[in-house]
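Start at 1 and go down the list; that is how both ligands and their atoms are numbered. Counting begins at 1 with the first residue of the sequence.
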Amino acid sequence: MNVLIIGSGGREHALAWKIKQSPVLGRLHCLPGSAAIAELACCPEIAQDDFEKIRAYCVSERIDLVVVGPEAPLAKGITDFLSAKGIKVFGPSQKGAMLEASKQFAKEFMDRNSIPTGAFSILYSASFAREKILENKKYPVVIKADGLAAGKGVRICASQAEALDAVSDFMEKRIFGASGSKVVLEEFLAGREASVMALVDGESALLLPVSRDHKRLLDGNAGPNTGGMGAVCPVAIDPQDMEIIRTEVLQRFLDGLKKERIPFCGVIFAGLIFTPDGPKVLEFNVRFGDPETQAIMPVIQSDLLPLLYACAEGRLAGKEIELAGKVCASVVIASEGYPDNPKKGRPITGLYDPAPGVYVFHSGTVKKDDSYITAGGRVLSVTACGVNLAQAREKAYAAAEEIKFEGMQYRKDIGL
Ligand code: GLY
């Protein structure tokens, strides 16, 4: 089976690494890919939003399955475009991708389908938003830009002044462009968080092992929000909470898809928070998480490729996933200045010959004169498996210490 992965980051590197191990794989392709992914896959120079060129590539390379990594091409309708030309895609339709691309759509979908989530209202203009904020007496409060904002469109506002600033930034200064044309004002929920992902074929869902991201830049969950500074997998979930996740989140999600005729083949990723009133959905994403995927892939024993293909063919019912019985920790090494102003172009040393059970997935690197240099905010996900979390952490941090580049930063408390 010939496979094309769309994307270029650490998530796609981890997916490529896992799919590469499949006995049913023919040739693996990834576009645009990266220098590191090119060690596993053929990476043509085609942009991920050039759907016509992607279609032509799929035909010429006899691609059997396209696996879409990031949300942007999904929100632009890559699945609808390629499916209409008879190409099988693992990734939801444009309408399904609205669950991530519009916070309003997601919250209203949850509301219509009785999926547990925080109370919210939709604010369509800056003047209405200001009025609502002046009426609000309870802080903190959450303000979310409606559209995609590269993970930066959510502000937890501790005071009225911060909430008014968020409205001004999102709705008037338009720091995220049209994504801030409306905002969601949402109840703040406190508790531990977890990332629950499931493969979905529109009818059935197959849960992946639960993971946990660490979103803040600094140890102790301090500093600004980032795309994610590290993840661990699997994470133990209270059985009662797990039952609620299955029945009130996943089953109601599937029922909602059917009722609302939303074609959805891909990953549903529920960002959950465990409150005293039970688990609630903070947000939906319609793709694999990053850096969660880097910690999930090594703990899956099953061949992933037939499962992704079964989703694309609507044959997921009855499929199971076998775990490797290991625990995985993935530590993100980021550039100096990340997340606001990452410095790029710094030579990286210590990347080669990781110990057994250690994998270095590249999020933002390029090759210069046969050596890797930094090329993004999040640079590497140093991932290790162990018999328990303590061993996985020890191995991941030992490997991270070998890697050096000027200004590198990483959290020391991933998994604690
Ligand atoms: N780690 C969070 C995300 O992928 O959106």
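- Shown in contact with Asp213 at under 4.0 Å from a heavy atom are these atoms of ligand 1, numbered in order with element: 1 (N), 2 (C).
- Using 4.0 Å as the threshold, Phe288 has no heavy atom nearer than that to any atom of ligand 1.
- Checked against a 3.5 angstrom limit, the closest N/O atoms of Glu283 and ligand 1 fall outside it.
- Put simply, part of Gly289 is less than 4.0 Å from ligand 1, judged by heavy atoms.
- The ligand atoms of ligand 1 that sit less than 4.0 angstrom from a heavy atom of Asn285 are 5 (O).
- Each of the atoms 3 (C), 4 (O) of ligand 1 lies under 4.0 Å from some heavy atom of Phe269.
- Glu61 contributes atom CD, which lies 6.0 Å from atom CD1 of Ile63 (distance to the nearest 0.5 angstrom).
- In the vicinity of Arg287, heavy-atom distances shorter than 4.0 Å reach the ligand 1 atoms 3 (C), 4 (O), 5 (O).
- Cys233 and Ala295 get closest at one heavy-atom pair: CB-O, 3.5 Å.
- The shortest heavy-atom distance from Ser195 to ligand 1 is not under 4.0 Å.
- Applying the 6.0 Å contact sphere to CZ of Arg112 captures more than 12 heavy atoms from other residues, nucleotides or ligands.
- Residues Lys107 and Thr117 have side chains that bring a donor and an acceptor to within less than 3.5 angstrom of each other.
- Rounding to the nearest 0.5 Å places OG of Ser181 at 10.5 Å from OH of Tyr124.
- Less than 4.0 angstrom separates some heavy atom of Glu292 from each of these atoms of ligand 1: 1 (N), 2 (C), 4 (O).
- When atom types are taken as modelled, the side chain of Arg212 and the backbone of Glu193 share a donor-acceptor pair closer than 3.5 angstrom.
- A 4.5 Å side-chain heavy-atom check between Phe105 and Glu100 finds every atom pair outside the cut-off.
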